[in-house]
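Here is the structure we will look at, set down as structure tokens.
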Amino acid sequence: MPENNIYKIGISILDCDYLNLGQELTRIKESGADFIHLDIMDGNFVSQVAFGQKMVSHLVERAGIPVHIHLMIKNTDEQIESYVRPGPESITVHAETCIHLDKVLSTITGNNIRAGVALNPSTPISFAENVLDKINSILILTVNPGFGGQAFLESMPAKIRKTREMLRSYNEIENRKSIIDIRVDGGINSSTIMKAKNAGADTFIIGSSFFKSSDTVRFIKDLKDLINRNQAI
Ligand code: DX5
Ligand code: ZN
């Protein structure tokens with residue numbers, strides 16, 4: 001079980017129907033998903049461009065479901081304030097882009113926003129090791145970021161296991177009771193979700209497989225039944 005006993009599912013709207021965004025948001029809320037995951041892309045850290053500060057403000061004010069930001073931008077240090085201002089529930093930054101990661105995370109938490117560190121598939125988990133006191137989650141990218149609809153990387157469960165181990169020993173050595181979620185993002189569907197869960201993930205970000213589903217209520221219910229039924233290995 002996750003340390004706080006709750007598995008969560010968030011929906012990335014990167015692959016939704018942009019011309020019917022209001023209906024898509026309603027579909028997400030009614031599905032029983034726990035939050036919206038908003039991928040912000042600058043065409044620099046990753047090749048695509050998606051969303052921005054204004055979208056964050058509108059969603060925070062009107063979506064009626066918690067909004068989590070996944071910042072895939074190159075100049076995180078310079079831009080973090082502008083993403084903090086709209087007040088999303090959480091902001092996850094890429095360790096690879098932050099020159100002063102500790103400072104960026106302090107800016108987020110100093111504004112009562114939950115902070116997360118995202119790691120590309122090739123980035124070692126040690127990039128998060130010295131900021132564990134500042135974060136509420138580690139986001140393991142299970143695809144190379146930039147696009148929805150890619151295949152889950154089979155090498156990632158081993159990394160998730162290592163991350164779980166790092167968090168366990170951090171709590172043991174420091175005698176802490178910190179709860180840091182392990183989130184996975186990329187290629188999550190009804191078959192890969194169990195690989196991630198069994199390796200120790202407790203929060204699952206889903207994009208294209210949600211929007212491809214014809215019955216999203218059933219889709220989320222089935223996934224939640226699945227992850228709650230099976231014991232972690
Ligand atoms: C990848 C993004 C993901 C993506 C997930 O760069 O961070 O959030 O939208 O989409 P799927 O589930 O289709 O991989
Ligand atoms: Zn994402």
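Only heavy atoms go into these numbers, but all of them, side chains included; no hydrogens, no water, no symmetry mates. Both ligands and their constituent atoms are indexed starting at 1 by order of listing. This is a predicted model, so every value here is computed, not measured.
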In terms of heavy-atom contacts, does NZ of Lys162 have more than 12 from other residues, nucleotides or ligands at under 6.0 Å? no
In terms of side-chain heavy atoms, does Asn120 have a donor or acceptor partner in Thr123 at a distance below 3.5 Å? no
Contact table, ligand 1 N/O with protein N/O, distance under 3.5 Å:
{"from": "ligand 1", "atom 1": "6 (O)", "to": "Gly146", "atom 2": "N", "distance (Å)": "2.7"}
{"from": "ligand 1", "atom 1": "7 (O)", "to": "Asp39", "atom 2": "OD1", "distance (Å)": "2.9"}
{"from": "ligand 1", "atom 1": "7 (O)", "to": "His70", "atom 2": "ND1", "distance (Å)": "3.3"}
{"from": "ligand 1", "atom 1": "7 (O)", "to": "Asp185", "atom 2": "OD2", "distance (Å)": "2.9"}
{"from": "ligand 1", "atom 1": "8 (O)", "to": "His37", "atom 2": "NE2", "distance (Å)": "3.4"}
{"from": "ligand 1", "atom 1": "8 (O)", "to": "Asp39", "atom 2": "OD1", "distance (Å)": "3.1"}
{"from": "ligand 1", "atom 1": "8 (O)", "to": "Asp39", "atom 2": "OD2", "distance (Å)": "2.8"}
{"from": "ligand 1", "atom 1": "8 (O)", "to": "Asp185", "atom 2": "OD1", "distance (Å)": "2.7"}
{"from": "ligand 1", "atom 1": "8 (O)", "to": "Asp185", "atom 2": "OD2", "distance (Å)": "3.1"}
{"from": "ligand 1", "atom 1": "9 (O)", "to": "Ser12", "atom 2": "OG", "distance (Å)": "2.9"}
{"from": "ligand 1", "atom 1": "9 (O)", "to": "Asp39", "atom 2": "OD2", "distance (Å)": "3.2"}
{"from": "ligand 1", "atom 1": "12 (O)", "to": "Gly207", "atom 2": "N", "distance (Å)": "2.9"}
{"from": "ligand 1", "atom 1": "13 (O)", "to": "Gly149", "atom 2": "N", "distance (Å)": "2.7"}
{"from": "ligand 1", "atom 1": "13 (O)", "to": "Ser208", "atom 2": "N", "distance (Å)": "3.0"}
{"from": "ligand 1", "atom 1": "13 (O)", "to": "Ser208", "atom 2": "OG", "distance (Å)": "2.5"}
{"from": "ligand 1", "atom 1": "14 (O)", "to": "Gly187", "atom 2": "N", "distance (Å)": "2.8"}

Just to verify, what does Asp133 make a salt bridge (Lys or Arg N to Asp or Glu O under 4.0 Å) with, not counting sequence neighbours? none
Just do the ring-ring contact (aromatic ring centres under 6.0 Å, His included) check on His70 and His37 with the steps written out, would you? CA-CA 7 Å; His70 175 192; His37 172 100; 5.2 Å; yes
Is NZ or CZ of Arg183 both nearer than 6.0 Å to the six-membered ring centre of Phe35 and within 45° of the ring axis? yes
Has Lys221 got more than 12 heavy atoms of other residues, nucleotides or ligands less than 6.0 Å from its NZ? no
Under 2.8 Å from the Zn ion (ligand 2), which protein N/O/S atoms are there? His37 NE2, Asp39 OD1, His70 ND1, Asp185 OD2
Contacts of Glu24 that satisfy salt bridge (Lys or Arg N to Asp or Glu O under 4.0 Å) - sequence neighbours left out: Arg27
Please walk me through it: do Lys224 and Asp34 pass salt bridge (charged side-chain N to carboxylate O under 4.0 Å, His left out)? CA-CA 11 Å; Lys224 286 203 168 178; Asp34 299 289; 2.9 Å; yes
For Asp102 and Lys134, run salt bridge (charged side-chain N to carboxylate O under 4.0 Å, His left out): C-alpha distance rounded to whole Å, both residues' side-chain angles, the deciding distance at 0.1 Å, then the answer. CA-CA 8 Å; Asp102 183 274; Lys134 294 251 161 66; 2.7 Å; yes
